[in-house]
Chemist: 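Pasting a structure below so you can have a look.
Proteins get letters first, then strands, A, B, ... in listed order; numbering begins at 1 in each.
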There are 2 protein chains.
Amino acid sequence: MAASIHISLKHKSYLREPESTELGRKIISESIKIIDALGFEQFTFKKLAAEIGSTEASVYRYFENKHKLLVYLISWYWAWVDYTVTFQTHNLPDPRQRLNKALEVLVNAGQEDDPNVAYIDERILYRIVVAESSKVYLTKEVDAENKEGYFLEIKKFCRHLAQLVLAVNPDYPYPHALVSTAMEAAHQQLYFASHLPSLTEIKYSQHAVEETIQFLKHLVYSAIDNSK
Amino acid sequence: MAASIHISLKHKSYLREPESTELGRKIISESIKIIDALGFEQFTFKKLAAEIGSTEASVYRYFENKHKLLVYLISWYWAWVDYTVTFQTHNLPDPRQRLNKALEVLVNAGQEDDPNVAYIDERILYRIVVAESSKVYLTKEVDAENKEGYFLEIKKFCRHLAQLVLAVNPDYPYPHALVSTAMEAAHQQLYFASHLPSLTEIKYSQHAVEETIQFLKHLVYSAIDNSK
DNA sequence: CATTTATGATAGTATTACTATTGTAATTAA
DNA sequence: TTAATTACAATAGTAATACTATCATAAATG
């Protein structure tokens with residue numbers, strides 16, 4: 001198990017920093033469990049407050065609304081994945097090895113003993129990311145929230161992956177489009193495997209993650225190696 | 001302009017068939033406009049009823065809730081795209097030509113004079129599909145709704161595209177995963193181009209559609225042609 | 001020791017997401 | 001032609017949601 005780390009976000013989707021207080025950390029850890037159990041639509045601050053033995057009003061002192069809490073969780077996740085990829089590719093000399101490892105982390109994140117944080121269960125958070133993450137930007141407020149910097153972490157990770165792609169082939173013309181597609185596909189294919197299996201060849205089993213990695217690697221390298 | 005067509009769905013996301021009455025058709029056409037204008041979260045049956053000069057209770061006789069109305073709209077869209085692809089590829093002899101055309105329709109749908117239906121504005125519906133379609137299956141009810149057949153249309157179109165892929169190369173191992181990825185990517189890349197431009201090379205302009213088609217064709221054919 | 005800060009307790013509001021009932025005009029069936 | 005069905009509008013009402021506001025108090029800080 002890696003040493004304890006601290007992930008800090010570049011924006012303020014929160015009103016008060018949740019990492020800094022006991023109540024704040026309970027809000028994070030318990031909201032992860034409830035969103036996973038009920039889905040984001042059925043998740044309310046009232047249910048959360050009841051679960052942590054606090055009140056709605058107290059939760060509202062940390063986050064303006066549940067959407068901003070989701071933004072926080074998803075941003076935290078991308079910052080954490082970015083850190084994990086940096087960490088895991090650190091000593092790999094070959095660009096292909098680095099991209100391989102990055103894709104493995106992208107699909108596998110939350111399954112292994114990556115760097116972790118005590119009050120966040122990355123495995124459950126990963127399920128939330130798979131099922132709920134597109135809801136953070138598929139709203140009418142996307143442009144305003146983008147200006148506030150709410151998507152800096154996902155953009156940073158996208159840039160990071162795109163650089164790994166360009167290190168393999170500097171002539172590939174769509175590095176960001178390719179990796180943003182792969183980032184979404186990683187989660188979607190796992191979701192399809194367990195809920196809409198006729199949309200994918202990936203089988204819902206203990207090998208789903210490996211199959212998804214295989215699919216993504218084939219997709220990504222076929223595209224990269226087929227340029228110039 | 002193609003002859004008027006009738007799209008009928010295989011499931012009953014509705015309580016009463018909206019195509020069969022004046023009020024039903026008004027519910028469909030006006031809900032498309034309001035969801036596009038306000039986003040799905042801000043859309044309510046009360047606002048819809050006010051706009052069409054009816055009442056909430058009357059709208060509830062057609063759809064149990066707004067989620068099922070969205071399921072109806074998105075299902076209708078996929079059935080319509082499937083029909084359009086069938087129509088447009090009908091006389092093309094070469095498998096690559098057919099797959100090309102299918103990808104063009106996928107990205108372009110709603111921009112051209114495809115087969116249409118009087119009370120549905122396909123261009124506006126297309127914007128809804130881009131921004132809201134993943135919300136139909138990213139819910140806790142996905143398995144129950146899948147059993148009800150709510151996703152038959154998207155699955156059918158996925159199967160259709162996968163067959164076109166296999167006609168090009170029968171040895172490609174992930175036809176469904178590839179086309180479900182492409183279906184999502186088509187919409188996502190257009191959305192990113194206009195709201196999160198650093199996630200893609202596609203520029204928000206009158207050429208965004210063409211650039212997306214280029215990207216997708218490169219992605220799909222690289223993968224297909226790199227097998228066996 | 002004074003004061004700020006964090007939280008809890010409680011109350012209240014507007015909106016949402018419905019359900020139920022009733023009256024009536026238009027269709028359809030006998 | 002009349003009787004029965006249906007489609008819809010009008011109205012009322014409920015429980016839950018998504019907040020906002022106020023006040024008291026305990027704990028931390030200066």
Chemist: E51(B) CD to dA9(D) P: how many Å, rounded?
Modeler: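 Those two atoms, CD and P, are 15 Å apart.
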Chemist: Which part of the nucleic acid does G53(A) contact within heavy-atom distance under 4.0 Å: base, sugar-phosphate only, or nothing?
Modeler: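 Result for G53(A) = sugar-phosphate.
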Chemist: Rounded to the Å, how far apart are Y14(B) OH and dA7(D) P?
Modeler: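 Distance check: Y14(B) OH to dA7(D) P gives 14 Å.
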Chemist: Kindly check if the number of other-residue, nucleotide or ligand heavy atoms within 6.0 Å of NZ (K156(A)) is above 12?
Modeler: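 No.
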Chemist: Within the structure, does a side-chain N or O atom of S58(B) lie under 4.0 Å from either OP1 or OP2 of dA9(D)?
Modeler: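 For S58(B), the contact criterion (side-chain N or O under 4.0 Å from OP1 or OP2 of dA9(D)) is met.
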Chemist: Would you say K46(A) reaches dT17(D)'s phosphate, i.e. side-chain N/O to OP1/OP2 under 4.0 Å?
Modeler: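 No, no such contact exists.
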Chemist: Can you check the L15(A) CG to dT20(D) P distance for me, whole Å?
Modeler: 10 Å
Chemist: NA contact type, Y62(A), heavy-atom cut-off 4.0 Å: base, sugar-phosphate, or nothing?
Modeler: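 Sugar-phosphate contact only.
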Chemist: Expressed in angstrom and rounded to an integer, what is the separation of L23(A) atom CG from dT5(C) atom P?
Modeler: 17 Å
Chemist: dC19(D), dT10(C), dT16(C): which one has an atom nearest the side-chain heavy atoms of N65(A)?
Modeler: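 Among the listed nucleotides, the one closest to the side chain of N65(A) is dC19(D).
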Chemist: K66(A) has an atom NZ; how far is it from atom C1' of dT16(C), in whole Å?
Modeler: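 Going from K66(A) (NZ) to dT16(C) (C1'), I get 12 Å.
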Chemist: Just N and O in the side chain of S54(A): are any of them under 4.0 Å from OP1 or OP2 of dT7(C)?
Modeler: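 The answer is no; no side-chain N or O of S54(A) sits under 4.0 Å from OP1 or OP2.
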Chemist: Under the criterion side chain to side chain contact (heavy atoms under 4.5 Å, CB included), I'd like the reasoning laid out for D121(A) against S29(A): C-alpha separation, chi angles, the key distance, then a yes or no.
Modeler: CA-CA 7 Å; D121(A) 186 329; S29(A) 60; over 6 Å; no
Chemist: Among K26(B), E22(B), E19(B), find the one that has a side-chain contact (heavy atoms from CB on, under 4.5 Å) with Y119(B).
Modeler: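 The residue from K26(B), E22(B), E19(B) that satisfies side-chain contact (heavy atoms from CB on, under 4.5 Å) with Y119(B) turns out to be E19(B).
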Chemist: Considering non-hydrogen atoms only, spot the tightest contact between E64(B) and L15(B) and give its length.
Modeler: N-CD1, 3.8 Å
Chemist: Measure from CD1 on I27(A) to P on dT7(C) and round the result to the nearest Å.
Modeler: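 Rounding to the nearest Å, CD1 of I27(A) and P of dT7(C) are 8 Å apart.
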Chemist: Just how far, in rounded Å, is C1' of dA26(D) from CD of E22(A)?
Modeler: 16 Å
Chemist: Base, sugar-phosphate, or nothing for Y60(B), non-hydrogen atoms under 4.0 angstrom?
Modeler: base
Chemist: Please identify which of these residues, H11(B), E145(B), K68(B), K12(B), meets the side chain to side chain donor-acceptor pair (under 3.5 Å) condition with Y150(B).
Modeler: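 Of all the options given, the one that passes is K68(B).
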Chemist: Using whole Å, report how far NZ of K26(A) lies from C1' of dG8(C).
Modeler: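 Value for this atom pair: 12 Å.
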Chemist: Hey, which sits more toward the 5' end of DNA chain D by its nearest nucleotide, A57(A) or T44(A)?
Modeler: T44(A)
Chemist: Pick the nucleotide of DNA chain D nearest each of R16(B) and E56(B); which residue has the one closer to the 5' end?
Modeler: R16(B)
Chemist: Give the nucleotide from the list dA17(C), dA9(D), dG8(C) with an atom nearest to the side chain of R61(B).
Modeler: dA9(D)
